[in-house]
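Working notes for the structure below.
The residues of the chain are indexed from 1 along the displayed sequence.
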Amino acid sequence: MKKIALIVFAFILVLSCDNEPLDPDLTSDGEDAGTENSDLTLSSYQLDTQISLEFFGAPIETTTNSSFNITNNAISSGTNAVSINESPSETENLVITRNSSNQITSNTSVNTQGTTTNETLITYTNGIISQISYNYYGEDAENYIYNFTYNGNTITRTNGDTSISTVFTVDSSDRIVKKESFDGGFSIQTETIAYTTTGNISSSTTTGEIENNTIYQFDDNTNPLKVVFEDNYLLQFLEDDYSDEIGPQIAQFLSTNNWNGVSFNGTSFNFELDYNTSGRITSRDIAYNFGEELSFEFNERFNYVN
């Protein structure tokens, strides 16, 4: 289930938490979208995902319906329902635990039978993340423990079970501008990220095992997801896989304006966005078709309270 989730949630959020300082030296369905005034208080967010691919010649289609409730500009609860090749959906509830500083210390998935299927534990030292451990119950091969060290504007992640380490570099605004992974002393993948003066990601370039040059485009309206997920900025990247590209996550969840198009290595895709009369985004439909072997569709719905 963990490996399927990594595929399905390639562009999907990790649970919200308070922003972690990097280093002391570093500076339902969309039909009821709320009233039409200018208040941008997001109350719930729905993300439906369909991914079709071929795996060793066998067609696989995954459908995921995710729903997240938002309280005080943070995720308070949610559900994920996953179906593979039109099988009955497996639904799990998200349970979040926070410490006295309102930092997330664990997020847990519990199925409809009340059984915990997986759990992520986050440890803090002097207010910053020092360790993230993941336990997928019933399949030890999926488990990992990440440890973190901080040096100036870099964060190094290591995992005692592998020779792979990842170094995250941040700018003066605490935004990740580079992610580089090493196998031993050899660089195996690097992603470099650039931003506009308005706070949107402009491009991400990946070299190594994956070769991608991605250009992002945005509308002129406020992205309501940013206020919800920017306090989760560090956590959602520190627990990803070394090969995951983080540019699309920044575009979708952390940019100032609404992501409305992208170009992958010169191939462009434009998204369908709907707005209410105040210019608030109420829906976004993203579709990528890379041929018979791989296609993605993401349908987002935004609901507000005022």
Side-chain angles (χ1 to χ4, degrees), residues 2-14 22-23 51 53-56 60 129 132 134 141-171 173-196 200-217 233-255 259 261-269 286 288-291 293-296 298:
K2 173 63 174 177
K3 291 300 183 184
I4 293 296
L6 288 176
I7 296 172
V8 172
F9 296 111
F11 296 106
I12 299 181
L13 56 137
V14 185
L22 301 180
D23 186 277
I51 300 177
L53 55 87
E54 287 192 8
F55 189 70
F56 293 108
I60 298 176
I129 297 172
I132 297 174
Y134 175 81
E142 303 288 355
N143 300 345
Y144 58 77
I145 297 177
Y146 290 150
N147 291 295
F148 301 91
T149 57
Y150 297 74
N151 183 18
N153 67 333
T154 64
I155 310 162
T156 299
R157 181 181 70 196
T158 56
N159 178 354
D161 292 333
T162 76
S163 59
I164 295 176
S165 62
T166 300
V167 178
F168 301 88
T169 303
V170 302
D171 64 11
S173 298
D174 289 355
R175 301 175 302 189
I176 294 178
V177 294
K178 184 179 180 182
K179 174 187 176 183
E180 185 169 13
S181 296
F182 300 84
D183 191 347
F186 298 95
S187 177
I188 55 176
Q189 183 164 308
T190 302
E191 182 177 6
T192 304
I193 297 165
Y195 299 88
T196 68
N200 296 320
I201 181 174
S202 59
S203 66
S204 61
T205 302
T206 305
T207 57
E209 292 183 350
I210 297 174
E211 301 279 343
N212 269 331
N213 182 26
T214 308
I215 307 296
Y216 303 90
Q217 67 182 44
Y233 188 91
L234 184 56
L235 178 58
Q236 60 187 316
F237 300 131
L238 292 188
E239 68 169 338
D240 69 3
D241 190 74
Y242 84 89
S243 61
D244 291 342
E245 295 181 75
I246 64 178
Q249 294 185 63
I250 295 173
Q252 189 164 5
F253 299 107
L254 296 165
S255 285
W259 188 24
V262 67
S263 172
F264 296 116
N265 298 323
T267 301
S268 297
F269 299 89
I286 301 173
Y288 305 124
N289 188 342
F290 297 104
E293 295 184 351
L294 182 63
S295 63
F296 301 80
F298 302 91

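In this structure, N159 has no side-chain hydrogen bond (donor to acceptor under 3.5 Å, both in side chains) partners at least two apart in sequence or on a different chain. Remark: F182 pairs with no residue by the ring pair (Phe, Tyr, Trp, His ring centres under 6.0 Å) rule, at least two apart or across chains.
A distance of 4.0 Å separates CZ of F264 from OH of Y288, quoted to the nearest 0.5 Å. The structure places CD1 of I145 at 7.5 Å from CG of D161, a figure rounded to the nearest 0.5 Å. How far CD of E245 is from CG of N212: 4.5 Å, rounded to the nearest 0.5 Å.
If you run side-chain contact (heavy atoms from CB on, under 4.5 Å) between F148 and each of I132, T156, T166, only I132 comes through. Here the rule is side-chain contact (heavy atoms from CB on, under 4.5 Å) with K178, and of I193, T190, V167 only T190 fits it.
Side-chain N or O atoms of Q189 include one that pairs as donor or acceptor with a backbone N or O of S243 at under 3.5 Å. Counting only distance, with no hydrogens or angles, the side chain of N153 and the backbone of V170 share a donor-acceptor pair below 3.5 Å. Looking at S181, its side chain never comes within 3.5 Å of a backbone N or O of I188 through a donor-acceptor pair. The closest donor-acceptor contact from the side chain of Y150 to the backbone of I129 lies under 3.5 Å. Although no hydrogens or angles enter the test, the distance criterion places a donor-acceptor pair under 3.5 Å between the side chain of N265 and the main chain of N213. Here the side chain of E191 pairs no donor or acceptor atom with the backbone of S204 at under 3.5 angstrom.
T214 places none of its side-chain heavy atoms less than 4.5 Å from the side chain of I201. Between W259 and N200, every side-chain heavy-atom pair lies at or beyond the 4.5 Å cut-off. Using a 4.5 Å cut-off on side-chain heavy atoms (C-beta onward), Y242 and S165 make no contact. The side-chain heavy atoms of R175 and I250, taken from C-beta on, include no pair separated by under 4.5 Å. Between F168 and L234 there is no side-chain heavy-atom pair separated by less than 4.5 Å. Residues F237 and I155 fail the side-chain proximity criterion, which asks for heavy atoms closer than 4.5 Å.
Taking all atoms of both residues into account, the shortest heavy-atom contact from K179 to D244 is NZ-O, 2.8 Å. R157 and D240 get closest at one heavy-atom pair: NH1-O, 2.9 Å. The nearest pair of heavy atoms linking Y233 to D174 is CE2-O, 3.6 Å.
Below 30°, between 30° and 60°, or above 60°: for Y144 and Y146 the angle between ring planes is below 30°, a parallel geometry.
Judged by distance alone, the side chains of D183 and S163 do bring a donor and an acceptor atom under 3.5 Å apart.
The 12-atom threshold is exceeded at CD of E209, counting heavy atoms of other residues, nucleotides or ligands nearer than 6.0 Å.
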